[in-house]
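Only heavy atoms go into these numbers, but all of them, side chains included; no hydrogens, no water, no symmetry mates. Not measured: the values here are computed from a predicted model. Here is the naming used below: chain letters follow the sequence lines, and residue numbers restart at 1 for every chain.
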2 protein chains.
Amino acid sequence: MEKYKQILFERGIKPTFQRIKILEYLDKNHSHPTVDMIYAALYKKVPTLSKTTVYNTLDIFRKYHLVDVLTITESEIRYEYIIQPHHHFYCRQCGKIIDLDVTCVYQEEMCVEGHRIESIHGYFKGICSECLLKAEHANS
Amino acid sequence: MEKYKQILFERGIKPTFQRIKILEYLDKNHSHPTVDMIYAALYKKVPTLSKTTVYNTLDIFRKYHLVDVLTITESEIRYEYIIQPHHHFYCRQCGKIIDLDVTCVYQEEMCVEGHRIESIHGYFKGICSECLLKAEHANS
DNA sequence: CTTGACTTTGTACTTATTTTAAATTATATT
DNA sequence: AATATAATTTAAAATAAGTACAAAGTCAAG
């Protein structure tokens, strides 16, 4: 708790109980959760929590570059605690989103074709290694 | 019209009037339109058109790899006629989505970190060259 | 023609997100 | 400590995007 209180305080975000809890959740769960996932998980411990608060808090966190928004899927918006820039892999079999340790050539550049780059999102889709292995076993 | 009828026929999609019109629109407007944009534009010429038809048609086109879905923005789903793989730039100033002529190192590879790649989407965000120029002029 | 499969249409429904306003909590002032 | 002020949280209502489904329309094959 103290750790997250500190992080919020340093960024100039008033460290309320709800905000601390949401930040803690994001730090401890690198599952790229949706608003609902965060809400459902925290509601158990904080039954007064409102979904609006989750929306508001994530908006604030985003404004202060504490979280990033992933639109890798068409139907969901997912959030992640920013640690360092990386790309993502979405497995259409199991639905998991996996952090990739690849960086783009343009990650260090400021520009592409005259446009000023402020952020880059690389979304890879396909079948993850785990699901590939399972399929292999099934065929032998 | 004949051109699009042909394209649909070749892919095994029954070339109905609505489908031809939607495909024609996508080919002639590389603006990465939303469902609403497509609907609004075509409604003028085809007043009986239903929005459900636009959704259905785009789903079919996607299944047959005629169109690709962009989730570069959080609030909108945008569609584009597939010509060749490329990445996209979103300008937060003017809202335009610009095709980039850059290809990823992994574009030719089949794999990243053991996962099988089926598609790659590279989303760059920032300020486009046009808006940068405008801002420069304003400051001089 | 008539049949049957497919397509289109419009309405109703579901669900995610935003808005709004009241209630609560925290902070500052006297 | 009491009161005023501001910020935050909450719940409910409004909005909007997308989906499901049944009815009507289209069209080619027999």
Side-chain angles (χ1 to χ4, degrees), chain A residues 1 4-5 7-9 11-25 32-64 66-67 69-79 95, chain B residues 1-2 4-9 11-26 32-64 66-79 95:
Chain A
M1 292 269 303
Y4 304 108
K5 198 172 164 182
I7 292 168
L8 291 173
F9 185 79
R11 305 253 180 166
I13 306 169
K14 196 189 271 188
T16 67
F17 183 70
Q18 290 82 342
R19 289 171 181 174
I20 292 168
K21 279 298 176 191
I22 292 171
L23 183 59
E24 183 183 27
Y25 182 81
H32 317 89
T34 63
V35 166
D36 269 343
M37 287 161 154
I38 298 168
Y39 175 75
L42 292 180
Y43 185 77
K44 291 174 198 159
K45 304 192 171 186
V46 191
T48 68
L49 186 68
S50 161
K51 217 179 257 187
T52 312
T53 300
V54 181
Y55 279 106
N56 288 341
T57 302
L58 290 171
D59 277 351
I60 292 173
F61 285 1
R62 181 144 57 124
K63 204 175 290 166
Y64 286 85
L66 267 175
V67 307
V69 176
L70 305 184
T71 56
I72 195 167
T73 292
E74 289 149 58
S75 54
E76 299 169 317
I77 295 182
R78 286 161 163 275
Y79 297 85
Chain B
M1 291 267 304
E2 272 307 315
Y4 304 108
K5 196 171 165 181
Q6 186 64 23
I7 292 168
L8 292 173
F9 185 78
R11 305 255 180 163
I13 305 168
K14 195 190 270 188
T16 67
F17 183 71
Q18 290 82 341
R19 289 171 181 173
I20 291 169
K21 279 298 176 192
I22 292 171
L23 184 59
E24 183 183 27
Y25 182 81
L26 286 167
H32 316 88
T34 62
V35 166
D36 270 344
M37 287 161 154
I38 299 169
Y39 175 75
L42 293 180
Y43 185 78
K44 291 175 197 157
K45 304 192 171 186
V46 191
T48 68
L49 186 68
S50 162
K51 216 179 258 187
T52 310
T53 299
V54 181
Y55 278 106
N56 288 342
T57 303
L58 289 171
D59 277 351
I60 291 173
F61 285 1
R62 180 143 59 122
K63 205 173 290 164
Y64 285 85
L66 268 174
V67 306
D68 202 0
V69 177
L70 305 184
T71 57
I72 195 166
T73 291
E74 288 149 58
S75 54
E76 299 168 318
I77 295 182
R78 287 163 162 274
Y79 296 85

Rounded to whole Å, how long is the line connecting atom [atom1] of [X] with atom [atom2] of [N]?
| X | N | atom1 | atom2 | value |
| --- | --- | --- | --- | --- |
| A/L8 | D/dT8 | CG | P | 12 Å |
| B/I13 | D/dC27 | CD1 | C1' | 18 Å |
| B/Y43 | C/dT8 | OH | P | 17 Å |
| B/R19 | D/dT26 | CZ | P | 15 Å |
| A/L49 | D/dT10 | CG | P | 5 Å |
| A/K51 | C/dT18 | NZ | P | 12 Å |

DNA chain D contacts made by residues 52-63 of chain B, counting heavy atoms under 4.0 Å: B/T52, B/Y55
Please say which of A/V69, A/T71, A/L70 ends up in a side-chain contact (heavy atoms from CB on, under 4.5 Å) with A/R78. A/L70
Sole residue of B/T57, B/L23, B/I60 in side-chain contact (heavy atoms from CB on, under 4.5 Å) with B/I13: B/I60
Salt bridge check: are A/E24 and A/K45 linked by an N-O gap of less than 4.0 Å? no
Assign B/T48 to base, sugar-phosphate, or nothing according to its heavy-atom contacts below 4.0 angstrom with the strands shown. sugar-phosphate
Examine C/dT25: is either OP1 or OP2 under 4.0 Å from a nitrogen or oxygen in the side chain of A/Q18? Give yes or no. no
